[in-house]
Amino acid sequence: LVSKAATVCGYPISIFFIVVNEFCERFSYYGMRAVLVLYFKYFLKWDDDLATTIYHTFVAFCYLTPILGAIIADSWLGKFKTIVYLSIVYTLGQIVMAISAIHDITDTNKDGIPENMSFHVALSMVGLSLIALGTGGIKPCVAAFGGDQFQDHQEKQRSTFFSIFYLSINAGSLLSTIITPMLRAQECGIYSQQKCYPLAFGVPAALMVVALIVFIIGSGMYNKTAPQGNILVKVCKCIAFAIRNRYRHRYSQFSQRTHWMDWADEKYDKLLIAQVKMVVKVLFLYIPLPMFWALFDQQGSRWTLQATTMDGDFGLLTIQPDQMQTVNPILILVLVPIMDSVIYPLISKCKLNFTPLKKMTVGMFLAALAFIAAALVQLQIDVSVTNIKKLTMGQLVKPNSPTHILIYFPENPAAVPIRHWSPGKDHQHAGQTGGRLSWRLKFSLQPFTVLTYLIVCVLFHRFFNGYSSILNITTGTLDFGSTVKNKMSTYANVPHGEAKFHIKDNAGNQCDYSLTLGFGSSYTLLIPSTFKFGTNCEKSINTALDIKPNSFHMAWQIPQYFLITAGEVVFSVTGLEFSYSQAPSNMKSVLQAGWLLTVAVGNIIVLIVAEAAKLPDQWAEYILFASLLLLVDFLFAFMAYFYTYIDPAKIEAQFAHSDPKDKEKKKSLEMGRKDSDGNSNSDRKSSYTSHNEKKDVQSRM
């Protein structure tokens with residue numbers, strides 16, 4: 001047994017268990033979240049809008065549940081039990097998510113395609129609900145619980161602990177966003193090999209199990225404080241009473257009061273009312289802030305989906321689309337010291353009054369610029385990626401001459417007639433949605449006696465069998481079935497990368513053909529009637545590049561990541577510092593709850609816009625978000641202009657010696673004030689935590 005007073009280098013032994021727990025938990029959360037939107041898109045087969053909506057709904061719940069966790073910990077279970085119980089819920093959620101990604105569970109015919117997708121969707125939603133409850137519930141507890149382990153004479157060690165705690169958060173986040181996309185890119189399965197989402201979710205689940213076990217092991221060494229009542233509940237009751245009392249006295253015969261919170265004077269003491277006034281004043285400035293988070297949290301949704309349409313080849317290293325999110329934590333570690341040590345001192349030397357609210361205004365402006373940069377990138381992507389979906393809606397028929405190909409779009413033959421496609425020329429076709437399609441045929445058609453057309457795309461793939469016998473062509477888990485002579489196969493989805501096509505006839509002859517497919521590319525494979533199965537059969541297959549693969553590089557996303565991260569550093573850290581400097585020391589937790597609520601509302605804004613706007617082009621949506629943030633930024637600057645800075649300590653000192661008439665009321669509220677005072681120490685720790693572990697309060701959590 002180890003004594004609670006035992007220390008190592010002046011630090012309580014218990015805090016090492018807490019730091020390891022936090023590292024594993026952050027790895028688990030961000031590892032799962034890094035691949036989540038791609039899981040929705042490629043495994044559950046949701047479109048981009050639905051994937052974005054569910055992603056941001058999940059994130060919103062992750063930032064709503066901390067309020068519930070804080071109330072449970074402070075009013076009922078205490079921090080230790082709350083962390084343990086909700087970590088169990090959290091772990092179960094991660095395990096359920098890993099199980100939901102196993103396609104073999106419902107793949108009864110072993111063809112690599114789940115027969116009951118509703119089962120996987122239901123498991124995913126259950127898993128995400130449990131994770132949101134777990135990660136949000138423990139969010140306000142872990143850092144404060146770590147601070148509780150120190151004695152009054154260990155103030156220096158406590159400060160160092162929060163720095164180490166912050167590093168563990170960023171280390172877990174950074175490593176997970178690098179590793180889990182690599183795990184996802186692997187192929188695994190019982191009956192068929194596919195992208196390994198079970199492993200990408202399973203490793204975070206294992207890390208959460210480790211986090212729970214490590215935290216429980218240190219149980220005997222923790223300093224566990226009893227629940228002392230939640231100040232947030234008390235503040236809400238005070239505000240509710242003031243509103244009700246003001247409504248009851250709304251008629252002119254009643255005397256008016258200076259501030260609407262003064263209507264709580266009949267029940268609550270003046271000190272509490274003055275403290276609530278200070279908090280409400282700051283919370284009013286929070287009203288425009290959700291728009292910033294609406295843009296910021298799209299790094300994990302829209303920006304990740306944007307990266308899937310870009311070239312991730314960095315020479316010796318190939319970057320997965322979801323790995324681009326690592327740019328943010330890397331830049332955080334670089335920009336925070338630069339801002340504190342270089343930029344801010346330089347501005348100060350220039351005699352510029354760069355107040356906290358002005359910094360936040362600049363941060364919102366930088367985030368808007370980031371989305372303008374994202375829109376410019378999207379425009380370049382749209383130029384380099386041909387809309388293959390429009391092309392492949394057509395039906396390829398046998399040419400009536402050796403120099404033309406006929407493409408027929410059967411879904412609306414009246415609006416889209418048969419088109420002639422001549423080799424070596426550019427052609428455009430007005431699609432049913434009014435879009436334009438550029439298609440270039442670069443090959444010369446030979447007067448083959450029999451032609452076999454094999455259209456290979458990243459999005460769709462089919463072939464026309466003109467060979468002398470029935471052919472069966474497969475690639476990976478895709479089986480085009482048996483196609484008779486002069487008949488067209490159905491379309492199938494072929495992912496980009498190295499594709500291996502297996503061509504077989506009824507006699508059992510087989511030919512393997514490999515082709516590297518870039519994203520957005522389209523190839524035409526011509527198999528002449530002279531084609532023969534054998535050792536060098538692939539050499540007789542002619543390949544023509546019809547549409548070039550998307551060559552716009554992922555590195556072009558770095559400017560938008562730089563702008564959004566710079567905005568985050570200026571906006572978030574400064575916002576928390578400002579908030580806590582303007583509020584009473586015993587109400588830091590109230591402001592933390594309000595701050596987290598702005599993040600939740602920001603994610604709700606994203607899902608509303610994604611479902612309601614329905615803009616035809618993604619770049620237009622980016623511009624819409626940038627415009628909204630610029631509008632909100634102007635509103636915030638206007639509100640900040642009229643804000644008067646205060647010193648909460650001086651205001652509270654005015655109530656140190658209250659009017660004797662308040663003695664009876666104070667006596668009835670004495671226990672409530674004790675609860676508030678009892679929470680003041682942990683709230684100071686929460687204040688320091690929120691300043692030093694910025695990522696854990698907003699974007700790292």
Side-chain angles (χ1 to χ4, degrees), residues 231-232 234-239 241-243 246 256-265 268-289 292 344 347-348 352-364 570-598 633 635-659 662 666 669 672-673 676-677 679-692 694 697-698:
I231 189 65
L232 176 61
K234 188 179 298 183
V235 170
C236 291
K237 288 181 177 179
C238 182
I239 293 175
F241 178 80
I243 294 173
R246 175 67 183 88
Q256 299 301 309
R257 303 185 183 183
T258 306
H259 193 280
W260 63 272
M261 275 302 304
D262 292 332
W263 290 97
D265 186 63
Y268 296 92
D269 67 0
K270 292 182 179 179
L271 175 59
L272 178 63
I273 293 173
Q275 291 171 333
V276 173
K277 286 180 182 179
M278 290 183 275
V279 169
V280 170
K281 188 178 181 181
V282 176
L283 290 178
F284 177 72
L285 285 176
Y286 281 4
I287 293 176
L289 304 190
F292 174 86
Y344 293 155
I347 293 176
S348 179
L352 296 176
N353 186 22
F354 201 35
T355 63
L357 293 180
K358 289 180 180 178
K359 292 178 183 178
M360 295 176 67
T361 304
V362 171
M364 297 170 77
V570 177
F571 174 88
S572 182
V573 177
T574 305
L576 289 167
E577 290 176 351
F578 161 78
S579 301
Y580 295 141
S581 70
Q582 297 295 291
S585 59
N586 67 328
M587 294 193 179
K588 309 297 185 187
S589 60
V590 178
L591 286 177
Q592 182 173 350
W595 186 268
L596 294 174
L597 186 61
T598 65
D633 195 20
L635 174 63
F636 181 78
F638 180 79
M639 296 167 62
Y641 179 79
F642 292 98
Y643 182 84
T644 302
Y645 290 84
I646 61 173
D647 186 348
K650 290 183 178 180
I651 295 177
E652 290 176 306
Q654 296 175 7
F655 297 89
H657 304 286
S658 301
D659 194 308
D662 290 332
K666 283 184 174 185
L669 295 169
R673 288 205 315 275
S676 298
D677 294 338
N679 278 332
S680 63
N681 286 334
S682 62
D683 288 331
R684 290 189 194 101
K685 297 163 192 171
S686 178
S687 171
Y688 189 90
T689 300
S690 298
H691 167 64
N692 286 278
K694 173 228 18 139
V697 174
Q698 32 84 24

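Quick note: residue numbers are just sequence positions, from 1. Bear in mind that the values here come from a model prediction, so they are computed numbers and not experimental data. Because only heavy atoms are used, hydrogens play no part in the values below, and waters and symmetry mates are left out as well, while side chains stay in.
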Original post:
Stepwise, does the side chain to side chain contact (heavy atoms under 4.5 Å, CB included) test hold for Leu635 with Met639?
Top reply: CA-CA 6 Å; Leu635 174 63; Met639 296 167 62; 4.1 Å; yes
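- The two atoms that bring Thr574 and Pro356 nearest to each other are CG2-O, 3.3 Å, heavy atoms only.
- Taking every heavy atom of both residues into account, Phe354 and Tyr344 meet most closely at CE2-CE2, 4.0 Å.
- With a 4.5 Å cut-off on side-chain heavy atoms, Tyr286 and Leu591 count as touching.
- A donor-acceptor pair under 3.5 Å is formed between the side chain of Lys358 and the backbone N or O of Asn353.
- Across all their heavy atoms, Cys238 and Ile273 have their closest contact at SG-CG1, 4.4 Å.
- Side-chain contact check for Tyr645 and Ser581: no donor-acceptor pair (N or O, by modelled atom type) lies under 3.5 Å.
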**OP:** Step by step, work out the side chain to side chain contact (heavy atoms under 4.5 Å, CB included) result for Tyr268 and Ile239.
**Re:** CA-CA 10 Å; Tyr268 296 92; Ile239 293 175; over 6 Å; no
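- A 4.5 Å side-chain heavy-atom check between Met261 and Leu272 finds every atom pair outside the cut-off.
- Rounding to the nearest 0.5 Å gives a distance of 12.5 Å between CZ of Arg246 and NE2 of His259.
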Subject >> Step-by-step side chain to side chain contact (heavy atoms under 4.5 Å, CB included) determination, Leu289 to Met360 >> reply: CA-CA 9 Å; Leu289 304 190; Met360 295 176 67; 4.0 Å; yes
**OP:** Could you check Val280 against Trp260 for side chain to side chain contact (heavy atoms under 4.5 Å, CB included), going step by step and ending with a plain yes or no?
**Re:** CA-CA 11 Å; Val280 170; Trp260 63 272; 3.9 Å; yes
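- By the 30° and 60° cut-offs, the orientation of the rings of Phe571 relative to Phe292 is parallel.
- Across all non-hydrogen atoms, the minimal contact from Val279 to Pro584 is CG2-CD, 4.0 Å.
- For Arg257 (side chain) and Asp262 (main-chain N/O), a donor-acceptor pair under 3.5 Å exists by modelled atom type.
- More than 12 heavy atoms of other residues, nucleotides or ligands sit less than 6.0 Å from atom NZ of Lys281.
- Across every non-hydrogen atom of Phe636 and Pro288, the tightest pair is CD1-CG, 4.0 Å.
- Trp595 is not listed as a side-chain neighbour of Val282, based on a closest heavy-atom distance of 4.5 Å or more.
- Here the shortest heavy-atom pairing between Ala640 and Leu285 reads N-CD2, 4.5 Å.
- Looking only at distances, a side-chain donor or acceptor of Gln582 sits under 3.5 Å from a matching main-chain atom of Ile646.
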